[in-house]
Each structure stands twice: as C-alpha cells, then as structure tokens.
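Heads up, the thing below is written out as structure tokens.
Keep in mind that the numbers below use all heavy atoms, side chains included, and drop hydrogens, waters and symmetry copies.
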Amino acid sequence: MDSLQPHIRCSRQDGAAYAILPGDPARVERIKGFLEDVKEIAFNREHKSVSGIYKGVRVMAVSTGMGGASTGIAVEELHHIGVKNMIRIGSCGALQKDIHMGDLLLIHGAVRDDGASRSYVEEQYPAVPDTELLMCMVETAKTFHFPFRIGKCRSHDSFYTDREDEIDAYWHEKGILGADMETAALFTIGALRGVKTASVLNTVSLFEGNLEEEINGYVEGIYQAAEGEKNEILLALETIVRMEEKVREQEAGR
C-alpha cells in the first residue's frame, strides 16, 4: 500500500524497517533528541510521528496513544507502509514489591486482558514478542547495565474498574511483573501480521505503595522514572542497531 494511512498519516515513503512506539506523543519529542537528520512526519489524533538516523540506521518514532485499540491501528498502518520491527517503550505499574521506580521490564509474554487483542483471535493465542528481537534487547540491557527484569505483564483496558485492588492482588500472586495497556495488542497483532515486536516498560508506580512514603519520595521518584524513560529510549535504539548488525551479517553470509 503506497497511499497515505488514514490515522497515522504516514505513507510508504515515510516508512523505515524499524519503529519505536511510545504511548505518549510527548515522548516522541524526547526521542528526537537522540536522532540525527530528524524529519517531522505527522501529528493526527494521538499519533505523532518522526523519523531520523541513529548510528546509521533509519528509525521511525510513532506514538500509539492509550490502550490496545489505538495501538492496533498504529501497528496495522505501520505494517502497511513497510515497518518490519516495532519496539514499544511504555510505562507500567509494578505488580511485585521488589520492582522499583525506573526499573525496566523486558516483556516475554503478556496476559491478554484487553479487548483489542481478543477481537483478532481467540484467547488461547499467545501474546509473545519476537524471540530474536527480545534477545537483542536483553543483550543490550546487560551491556549498558540498565536496571531491568525479564518477565510477563498484564495488558488491560481501564485504570478505574471497581475491582482494581483485587485484580492487582490476583496477578501479583501469579508472578506477573507489571501492568500496562498496550503490549498484548502489539504482540498479538504484530505476530498475526508477520511483524517482529518487543516491549520494554518503565516502572512509574509501585505495587501497594505507601502513601506517606510516596509523598516523601516524590522528587526522587520523579527523577528515577525520568531516568527510566531515558534508559528505555536508549535501550530501544541500541537494540535496533544490534538487530540491524545481525541482519547485515546474515545478508553478507548468503
């Protein structure tokens, strides 16, 4: 498809092999600071897009907005313009007590507790990342000594149901590391479309946080969350470079 995509307002001439997908359009602005030769592409609804060069590799950054539905639209339309690798850089709430503000969660599977992924395929279908892309991310996180955990997240549709505490306690007991709203849709739709996907989540709220402690630690917490965001941006970009090096080595060996 060469036509302008109706929601992200990008076309094939804007596309790249790699895209970083933050939820928040403001995060696209912060990604720009890591890129050279930045091109502003579009800003329509929740979808802000730019492209640029990082260490010789062309990269898009496109915001997905909140939730699986808008994420699914972004994944579909980016696939239409030729994007083959998509890395979500998002935020999450911790579901385990030993996860700290700014810790990065590298997701190897997502609980599909969202409507978007279930509208595509039965719940038995797994929401998992591309293995090669995930392994590149793990190798990169170790190289840069980022504070990170590898595990599962739960993707959901609302922060404001009447059973939030009960739901969080349930998934805590099942060993789920954190909760977001987009990873399950990204993994499920990406896999169905033949797109390589990965997700890294920055911890911005603690599990069963103590109100007094959180108020006293507010400034420190904001700093740690901001550092986590910088780390996940750099992690995604360096993972892309590592992945591209593997692709070039494979092509050279043919």
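Atom OG1 of Thr203 is separated from atom CG of Asp180 by 11.0 Å, given to the nearest 0.5 angstrom. Of the inter-residue distances, the one linking Glu40 atom CD with Lys48 atom NZ reads 4.5 Å to the nearest 0.5 angstrom. Distance CG/Asp113 to CE/Met181: 11.0 Å, rounded to 0.5 Å. In this structure, Glu229 CD and Arg30 CZ are separated by 4.0 Å, a value rounded to the nearest 0.5 Å. Within the model, atoms OG1 of Thr239 and CD1 of Ile87 stand 5.0 Å from one another, a figure rounded to the nearest 0.5 Å. Met66 CE to Phe159 CZ: the interatomic distance, rounded to the nearest 0.5 Å, is 5.0 Å.
Hydrophobic clustering (side-chain heavy atoms under 4.5 Å, transitive across Ile, Leu, Val, Met, Phe, Trp, Tyr) groups Leu104 together with Ile240. Each of Ile107 and Val128 belongs to its own hydrophobic cluster when Ile, Leu, Val, Met, Phe, Trp and Tyr are linked at side-chain heavy-atom distances under 4.5 angstrom. Note: the hydrophobic cluster containing Met243 also contains Val138 (ILVMFWY, side chain heavy atoms under 4.5 Å, direct or indirect links). Hydrophobic clustering (side-chain heavy atoms under 4.5 Å, transitive across Ile, Leu, Val, Met, Phe, Trp, Tyr) groups Leu237 together with Leu134. In the hydrophobic clustering of ILVMFWY residues, with side-chain heavy atoms under 4.5 Å counting as a link, Leu78 and Ile73 come out apart.
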* To do: Using the side chain to side chain contact (heavy atoms under 4.5 Å, CB included) rule, take Glu232 and Arg27 through it: C-alpha gap first, then chi angles, then the decisive distance, then the call.
  => CA-CA 11 Å; Glu232 69 175 351; Arg27 201 169 298 143; 4.2 Å; yes

Derivation of the side chain to side chain contact (heavy atoms under 4.5 Å, CB included) call for Ile99 and Phe207
CA-CA 8 Å; Ile99 297 175; Phe207 180 65; over 6 Å; no

- prompt: side chain to side chain contact (heavy atoms under 4.5 Å, CB included) between Leu105 and Cys153: does it pass, once the steps are laid out?
  reply: CA-CA 8 Å; Leu105 307 186; Cys153 74; 5.9 Å; no

*asked:* Assess the residue pair Tyr18 and Val241 against the criterion (side chain to side chain contact (heavy atoms under 4.5 Å, CB included)); give the C-alpha distance rounded to whole Å, side-chain angles, the decisive distance to 0.1 Å, and a yes or no.
replied: CA-CA 10 Å; Tyr18 302 93; Val241 171; over 6 Å; no

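The side-chain heavy atoms of Ile89 and Leu21, taken from C-beta on, include no pair separated by under 4.5 Å. Inter-residue side-chain proximity for Val50 and Ile31 is flagged as unmet; no heavy-atom pair is nearer than 4.5 Å. Residues Lys152 and Val111 have side chains not in contact (no heavy-atom distance under 4.5 Å, counting atoms from C-beta outward). Residues Arg193 and Val75 are not in side-chain contact: their nearest non-hydrogen atoms beyond the backbone lie 4.5 Å or more apart. Residues Asn231 and Asn202 form no side-chain contact, since every pair of their non-hydrogen atoms from C-beta on lies 4.5 Å or further apart. Counting heavy atoms from C-beta on, the side chains of Lys246 and Cys136 come closer than 4.5 Å. Inter-residue side-chain proximity for Val28 and Pro22 is flagged as met; some heavy-atom pair is nearer than 4.5 Å. For the pair Tyr170/Ile176, no side-chain contact is recorded, criterion being any heavy-atom separation below 4.5 Å from C-beta on.
Under the 4.0 Å criterion applied to side-chain N and carboxylate O atoms, Arg9 and Asp14 are not assigned as salt-bridge partners. Here Glu251 does not pair with Arg248 in a salt bridge; the nearest charged N to carboxylate O distance is not below 4.0 Å. With respect to Glu238 and Arg242, no salt bridge is recorded, no charged nitrogen being found less than 4.0 Å from a carboxylate O.
Side-chain N or O atoms of His47 include one that pairs as donor or acceptor with a backbone N or O of Ser63 at under 3.5 Å. Distance alone, capped at 3.5 Å, places no donor-acceptor pair between the Asp130 side chain and the Val195 backbone. No donor-acceptor pair closer than 3.5 Å links the side chain of Ser155 to the backbone N or O of Asp114. In this structure, the side chain of Asn85 does not engage the main chain of Lys196 through any donor-acceptor pair within 3.5 Å. Remark: the backbone N or O of Leu235 is not paired with any side-chain donor or acceptor of Thr140 at under 3.5 angstrom. Between the side chain of Arg58 and the backbone N or O of Gly15, at least one donor-acceptor pair lies under 3.5 Å. Without hydrogens or angle criteria, Asp157 side chain to Gly115 main chain gives a donor-acceptor distance under 3.5 Å.
Taking each heavy atom of Ile20 and Ala236 in turn, the nearest pair found is CD1-CB, 4.0 Å. The shortest non-hydrogen separation linking Ala74 to Ile8 is CA-CG2, 4.1 Å. Ala184 and Ser117 get closest at one heavy-atom pair: O-CB, 4.0 Å. The minimum heavy-atom distance linking Ser205 with Gly93 is given by the pair OG-CA, 3.2 Å. Residue Gly23 comes nearest to Arg88 through the heavy atom pair N-NH1, 4.0 Å, listed as atom of the first residue, atom of the second, then distance. Summarising the geometry of Leu35 relative to Ser51, their closest heavy-atom pair is CD1-C, 4.5 Å, with the distance given to 0.1 Å.
When each of Glu208, Lys97, Arg154, Gln96 is checked for a side chain to side chain donor-acceptor pair (under 3.5 Å) with His172, only Gln96 meets the rule. Results of the side chain to side chain donor-acceptor pair (under 3.5 Å) test with His7 over Glu76, Glu77, Arg45, Glu46 single out Glu77 as the only residue that passes.
Environment of NZ in Lys230: sparse, with no more than 12 heavy atoms of neighbouring residues, nucleotides or ligands closer than 6.0 Å. Counted within 6.0 Å of CG on Asp98, heavy atoms from surrounding residues, nucleotides or ligands total more than 12; the atom is thus considered enclosed. Within a 6.0 Å radius of NZ in Lys174, other residues, nucleotides and ligands contribute more than 12 heavy atoms. At most 12 heavy atoms of other shown residues, nucleotides or ligands fall within 6.0 angstrom of atom NZ in Lys84.
Ring geometry for Phe146 versus Phe144: interplanar angle under 30°, hence parallel rather than tilted (30 to 60°).
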